[in-house]
Protein chains: 2
Amino acid sequence: MAKNKRPAMSPAETEVLRLVWQCQEATVQQVYDALPPTRKVAYVTVATLLRRLEEKGYLRHRVNGKAFVYTPAAKKEDVIRRTISDLVERLFGGNPVPLMQHLAQHSGMTDEDIERLKELAKKK
Amino acid sequence: MAKNKRPAMSPAETEVLRLVWQCQEATVQQVYDALPPTRKVAYVTVATLLRRLEEKGYLRHRVNGKAFVYTPAAKKEDVIRRTISDLVERLFGGNPVPLMQHLAQHSGMTDEDIERLKELAKKK
DNA sequence: TGACATATATGACAGATGTCATAGATTAGG
DNA sequence: CCTAATCTATGACATCTGTCATATATGTCA
């Protein structure tokens, strides 16, 4: 089993990667356009973030006309797993139950639902 | 409602804050000792992280003998909520369902359980 | 009270981050 | 084939991060 240690993504990079996933593949322009209006940043900034994501091994690109088309270079599932487990590690010492509880609490679940979740979690 | 925008914590800081929570209140030494063996870092480094957390408004300290005793300066619940919602924002564009699904998938839940979760999530 | 042990304060430093201005390459239209 | 429009490449720059070595302050106890 290959360890495949990619350098961690920064918050800004994470968001950009998500937008690429969303488009399946994307040019700088497409990511730029997909940015939520609450977070407008210069076109070149997006280009830089995409380039850095490629350096880190999360993306690759091919050329189409004069534009770069970026595509995922790592399995989305894996990236997500890593990101979440890092968070759980730092914030809860590795125990995912508090995270589930938190989510549960903020989505109208009953105590019973939570208990059930905890049970399930215990089973590995 | 006060916005109370504290600067975001870095990963290393997040872990240290968790250890303070764990001890309720803690000196540098206590946090240092509580570090998981996989992450041994110098005593002074811990001191620096605690100091920075205080600068950012997550901790405060009082003096006890020659030691500083750090205590939380922000509600743990709030900090956790913010941290998670930031992650959900960046990684899933603000939709918490994929996070629940992920957690579910990694704790032996059935598809039915997941459906139920999604329903619950939809209702707010 | 003086020396030792133990704390914190300083601040240094390389590398990461977030952001962009500007320069240089490329393509498409006229 | 030239020019305007559109891209990427460079690299700059202030901050933030992660980590410490050292200097300094302070409490302790023989």
Side-chain angles (χ1 to χ4, degrees), chain A residues 5-20 23 25-71 83 86-87 89-91, chain B residues 5-20 23 25-71 83 86-87 89-91:
Chain A
K5 258 300 190 232
R6 257 176 290 273
M9 288 179 289
S10 71
E13 286 164 357
T14 303
E15 171 160 50
V16 165
L17 180 56
R18 171 175 67 80
L19 296 175
V20 174
C23 304
E25 55 176 42
T27 62
V28 178
Q29 189 66 56
Q30 283 175 303
V31 173
Y32 177 70
D33 292 339
L35 280 176
T38 47
R39 171 162 166 64
K40 275 308 177 198
V41 83
Y43 177 95
V44 267
T45 301
V46 175
T48 298
L49 293 171
L50 286 166
R51 192 149 19 83
R52 288 181 183 168
L53 277 169
E54 180 162 27
E55 279 163 18
K56 292 186 179 181
Y58 291 96
L59 293 177
R60 65 174 108 260
H61 80 269
R62 64 187 153 74
V63 178
N64 179 307
K66 68 183 153 190
F68 279 15
V69 179
Y70 287 93
T71 58
T83 305
D86 282 357
L87 180 82
E89 196 60 45
R90 287 179 279 120
L91 197 55
Chain B
K5 258 292 190 244
R6 258 175 288 274
M9 288 180 289
S10 72
E13 288 164 355
T14 304
E15 171 161 50
V16 164
L17 180 55
R18 172 175 67 81
L19 296 175
V20 174
C23 304
E25 55 175 42
T27 61
V28 177
Q29 189 67 56
Q30 284 176 302
V31 173
Y32 177 71
D33 292 339
L35 280 175
T38 47
R39 171 159 166 66
K40 275 309 176 197
V41 83
Y43 177 95
V44 268
T45 301
V46 176
T48 298
L49 293 172
L50 286 166
R51 193 148 20 85
R52 288 180 182 169
L53 277 169
E54 180 163 27
E55 280 162 17
K56 292 186 179 181
Y58 291 95
L59 294 176
R60 63 174 111 261
H61 80 269
R62 62 185 156 75
V63 178
N64 179 307
K66 67 183 153 189
F68 279 16
V69 178
Y70 286 93
T71 58
T83 305
D86 282 357
L87 180 83
E89 196 60 46
R90 287 180 278 119
L91 197 55

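Within every chain, numbering begins at 1; the chains are lettered A, B, ... in the order of the sequence lines, protein sequences first and strands thereafter. Values in this document were obtained by computation on a predicted structure and should not be read as measured data.
When rounded to the nearest whole Å, the span between CZ of B:Phe68 and P of D:dT24 equals 17 Å. Computed from coordinates, the B:Met9 CE to D:dG18 P distance equals 11 Å when rounded to whole Å. We find that CG of A:Leu53 is positioned 15 Å from P of D:dT8, with the value rounded to whole Å. Rounded to an integer number of Å, the gap from A:Asn64 CG to C:dA25 C1' is 16 Å. In this structure, CG of A:Leu59 is placed 13 Å from P of D:dT8, rounded to the nearest angstrom. The distance from atom NE2 of B:His61 to atom C1' of C:dA7 is 11 Å, rounded to the nearest whole Å. Going from atom CD of A:Gln30 over to atom P of D:dT8 covers 11 Å, rounded to whole Å. In this structure, B:Glu55 atom CD and C:dT8 atom P are separated by 15 Å, rounded to whole Å.
Looking only at distances, no side-chain donor or acceptor of A:Gln30 sits under 3.5 Å from a matching main-chain atom of A:Cys23. Not a single donor-acceptor pair under 3.5 Å links the side chain of A:Arg62 to the backbone N or O of A:Val69.
OP1 or OP2 of C:dT19 has not a single side-chain nitrogen or oxygen of A:Lys40 nearer than 4.0 Å. Note on A:Tyr43: every side-chain N or O is 4.0 Å or more away from OP1 and OP2 of C:dC20. One finds no side-chain N or O of B:Gln29 lying less than 4.0 angstrom from the OP1 or OP2 phosphate oxygen of C:dT6.
Across all strands shown, B:Val44 has heavy atoms under 4.0 Å from base atoms, whether or not it also approaches the sugar-phosphate. Within 4.0 Å of B:Ala47, counting heavy atoms only, lies no atom of the nucleic acid at all. Among the heavy atoms of the strands lying under 4.0 Å from B:Ser10 are primed sugar atoms or P, OP1, OP2 only; no base atom is included. Residue A:Pro11 is classed as a sugar-phosphate contact, given heavy-atom separations below 4.0 Å to backbone atoms only.
Residue A:Arg51 is the one, among A:Val63 and A:Arg51, whose nearest nucleotide of DNA chain C lies closer to the 5' end (criterion: closest heavy atom). Taking the nucleotide of DNA chain C with the nearest heavy atom to each of A:Ala8 and B:Val69, the more 5' of the two is matched to B:Val69.
Taking the side chain of A:Leu49 as heavy atoms from C-beta on, and the options D:dC7, C:dT19, C:dT17, the nearest nucleotide is C:dT19. Closest approach to the A:Arg39 side chain among D:dT8, C:dT8, C:dT19 is made by C:dT19 (side chain taken as heavy atoms from C-beta onward). Nearest to the side-chain atoms of B:Lys66 among the listed nucleotides C:dT17, D:dG27, C:dC20 stands D:dG27.
Residue B:Tyr70 forms a side chain to side chain contact (heavy atoms under 4.5 Å, CB included) with just one option from B:Thr27, B:Val16, B:Val28, B:Leu53, and that option is B:Val28.
Side chains of A:Thr45 and A:Tyr32 form no contact here, defined as non-hydrogen atoms less than 4.5 Å apart. Under the 4.5 Å side-chain criterion, counting only non-hydrogen atoms from C-beta, A:Pro7 is not in contact with A:Glu55.
Between the side chain of A:Thr48 and the base of C:dC20, a donor-acceptor pair under 3.5 Å is found. For C:dG18, the base has a donor-acceptor partner in the side chain of A:Arg52 [N/O atoms by modelled type, under 3.5 angstrom].
Every side chain to side chain contact (heavy atoms under 4.5 Å, CB included) that A:Val44 has, sequence neighbours left out, goes to A:Ala42.
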